[in-house]
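Below you'll find the structure, written out as structure tokens, and then a few comments.
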Protein chains: 2
Amino acid sequence: MLWGFAVLMKTSLEAILERLEKSSALEEMQSVAESIRDHYGVSHLVYHWVSSNGEQYGCGTYSMEWVERYLEKEYLRVDPVIAGCYNKFHPVDWKQLDWSSKGARQFQKEAIEYGVGNQGYSIPIRGPNGQYALFTLSDDTSDADWAEFTEKNRRDLILLAHAMNEKALELEPGREGPPITSLSPREVEAITCLALGQSRAQAAQRLSISEHTLRVYIESARHKLGALNTTHAVARAMQRGIIVV
Amino acid sequence: MLWGFAVLMKTSLEAILERLEKSSALEEMQSVAESIRDHYGVSHLVYHWVSSNGEQYGCGTYSMEWVERYLEKEYLRVDPVIAGCYNKFHPVDWKQLDWSSKGARQFQKEAIEYGVGNQGYSIPIRGPNGQYALFTLSDDTSDADWAEFTEKNRRDLILLAHAMNEKALELEPGREGPPITSLSPREVEAITCLALGQSRAQAAQRLSISEHTLRVYIESARHKLGALNTTHAVARAMQRGIIVV
DNA sequence: TGGCCCCTCGCTATTTCTGGGGAGTTATAA
DNA sequence: TTATAACTCCCCAGAAATAGCGAGGGGCCA
């Protein structure tokens, strides 16, 4: 059973068409997910990622009912796994997360009802352009058994997450071909200053150029990035990893 | 022989003090790097990362002369390995990189002179807040041998890169402790709209509130984030993963 | 129940940014 | 060699953001 949730952020004809185009790759990942689940004998395996353009995809072994419920209720915004792993580098046990908020508890209760399992282990992976993926195993077992399981298979899971990710990358739009917009060194410096909260006057002083020149850089960078204003340009530059703050 | 290049971006008293504080951890990583090099019988192993605050660190087995040369000449800005891996997710063989630019060829020539080796394999890893690390092996050997070596040890190296990274994270400033500022749902929505390039008027319309109210959210978010202006607030919110664009 | 935070709305004046225009030098690339 | 692009400087007028003030209703928690 295949499911993609490319519709999370926007429901459009393009999203549906894209999804169809990608269905064969997703199906393949789907079947791999089932194999992994069976191999490790856990309840579920889910791979879920946010593409560089903000679209979300997923494949895994959750029941269709749970996926629909998740989407319908917009649990993405409450799910502590999503929020908790976002700032993590390395594998995270669900027990380490913060389930204290009201929404999170409600979510947890429902998840267990839908057979997700009380234990979970998620491996976050990140790429440029805001790509963010989660490789998750969940099961219904005791704390001790789960700890032993994750400890034992930790390395395998990291490698599996990597492999899954490599596959998912094939679905990424414009990975190669379309040249990534590149800013000139000065433009990068200018945008970086703005991202640090400096006004144009301050930034110009810092770069030892006139404010007019600085403005030219910003305008130029804005156009290259296809941004509507300075704030947008900074956001895009950060998202694409062009600047680091 | 330990080397840290925390001074790349700024040379300040704080940088030096920080470096001293971290020296024991760096030394440990240094010795691990040497062990790995010996185990795999390659010429060099280097682990190099950009911390979330933009400071750069490294440890590895390059000669002190080469490191100094690299820093002195600011090769960081020319090095195709840095630039080429920045947008990559997965292990990269140096042969796949673009060595065509004038600066790159000069750099390559010197690197070989300093004993870096003609072959290299780098594994990029990313985390939130712009963290970006490279785990690199280099050697002096034929294309065929190198291909066989990397193919064979690929999985090991991914795991080693992960482990190294975990160690490096201990040196990250403010990983825990300082409570992460949280924005209210409305504030998040407001900041998100701005990050998407909307003006305040547009954002207000989109959220179906008055522009004045929207402004209150933005001001509030700005203060919570300790930001100097809207652009800065958006940058910080993105950096901390509070908003996703 | 009192305190705290979230959500909503209003006004004014000042500062800053944005969007047009043009122009010269240098360096790298075709 | 001639483009092409990067870097630098300048003017102006209109649009937008910022800083400061204030006010009321609703919900959650101790």
Side-chain angles (χ1 to χ4, degrees), chain A residues 77-78 100-106 179-236 242, chain B residues 77-78 83 98-107 179-235 237 242:
Chain A
R77 307 211 171 273
V78 206
S100 65
S101 87
K102 196 181 146 193
R105 277 197 307 271
Q106 164 68 13
I180 24 173
T181 339
S182 69
L183 302 184
S184 78
R186 273 320 227 185
E187 286 161 358
V188 171
E189 288 180 272
I191 294 285
T192 303
C193 286
L194 297 185
L196 292 172
Q198 299 181 317
S199 69
R200 298 203 298 199
Q202 290 174 313
Q205 199 182 355
R206 172 152 165 182
L207 300 184
S208 307
I209 54 178
S210 78
E211 192 176 332
H212 302 277
T213 304
L214 184 98
R215 218 182 61 194
V216 173
Y217 295 147
I218 297 171
E219 294 285 289
S220 168
R222 260 213 359 249
H223 287 124
K224 285 182 181 175
L225 294 166
L228 299 167
N229 53 42
T230 302
T231 301
H232 196 195
V234 168
R236 291 203 153 185
I242 295 171
Chain B
R77 307 206 174 277
V78 206
D98 174 24
W99 295 89
S100 66
S101 87
K102 196 180 146 193
R105 277 197 307 271
Q106 164 67 13
F107 167 73
I180 25 171
T181 341
S182 68
L183 302 185
S184 77
R186 275 315 229 187
E187 285 161 356
V188 172
E189 289 181 90
I191 294 285
T192 303
C193 286
L194 297 185
L196 291 171
Q198 299 182 315
S199 70
R200 299 206 295 202
Q202 289 173 314
Q205 200 184 356
R206 174 153 164 180
L207 301 184
S208 308
I209 53 177
S210 78
E211 194 176 331
H212 301 271
T213 304
L214 184 98
R215 218 181 58 196
V216 174
Y217 294 147
I218 298 170
E219 295 286 288
S220 167
R222 256 203 16 238
H223 287 124
K224 284 183 183 176
L225 294 166
L228 298 167
N229 54 41
T230 301
T231 301
H232 195 196
V234 167
I242 294 171

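Residue numbers begin at 1 in each chain, while the letters A, B, ... track the order of the sequences. Please read all numbers here as calculations on a predicted model, not as lab measurements.
Remark on DNA chain C: of its neighbouring residues B:E211 and A:E211, the 5'-side contact belongs to B:E211, judged by nearest-heavy-atom nucleotide.
Side-chain nitrogen and oxygen atoms of B:S210 include at least one within less than 4.0 Å of the OP1 or OP2 phosphate oxygen of C:dC9. At C:dC6, none of the side-chain N or O atoms of B:Y217 fall inside 4.0 Å of OP1 or OP2 (strictly under the cut-off). Contact between the side-chain N/O atoms of A:S184 and the OP1/OP2 oxygens of D:dC7 is found at a separation under 4.0 Å. Between C:dC5 and B:K224, no contact under 4.0 Å exists linking OP1 or OP2 to a side-chain N or O.
In this structure, the NE2 atom of A:H212 is 6 Å from the P atom of D:dC10, given to the nearest Å. Counting to the nearest Å, the P atom of D:dA19 and the CD1 atom of B:I218 are 12 Å from each other. Distance CG (B:L228) to C1' (D:dA19): 14 Å, rounded to an integer number of Å. Taking atom CZ of residue B:R186 and atom P of nucleotide C:dC9, one finds them 9 Å apart after rounding to whole Å. Whole-Å rounding puts the B:E187 CD to C:dT8 P distance at 11 Å. C:dC17 atom P lies 21 Å from atom CD of B:Q198, rounded to whole Å. The CG-P distance, from B:N229 to C:dC17, rounds to 8 Å in whole Å. Counting to the nearest Å, the P atom of D:dA16 and the CD atom of B:Q205 are 13 Å from each other.
Using a 4.5 Å cut-off on side-chain heavy atoms (C-beta onward), B:C193 and B:E189 make no contact. A:L225 is not listed as a side-chain neighbour of A:E187, based on a closest heavy-atom distance of 4.5 Å or more. Two residues are said to be in side-chain contact when any heavy atoms from C-beta on lie closer than 4.5 Å; A:H232 and A:R236 meet this criterion.
Note: A:I218 CD1 to A:T213 OG1 = 11.0 Å, rounded to the nearest 0.5 Å. Rounded to the nearest 0.5 angstrom, A:I191 CD1 and A:T230 OG1 are separated by 7.0 Å.
Nearest nucleotide to the A:I209 side chain, out of D:dC9, C:dG19, D:dA6: D:dC9.
A donor-acceptor contact under 3.5 angstrom links the side-chain atoms of A:R215 to the base of C:dG19.
Nucleic acid contact class of B:S220 (heavy atoms, under 4.0 Å, all strands): none. Within the nucleic acid shown, B:T213 comes within 4.0 Å of at least one base atom, counting heavy atoms only.
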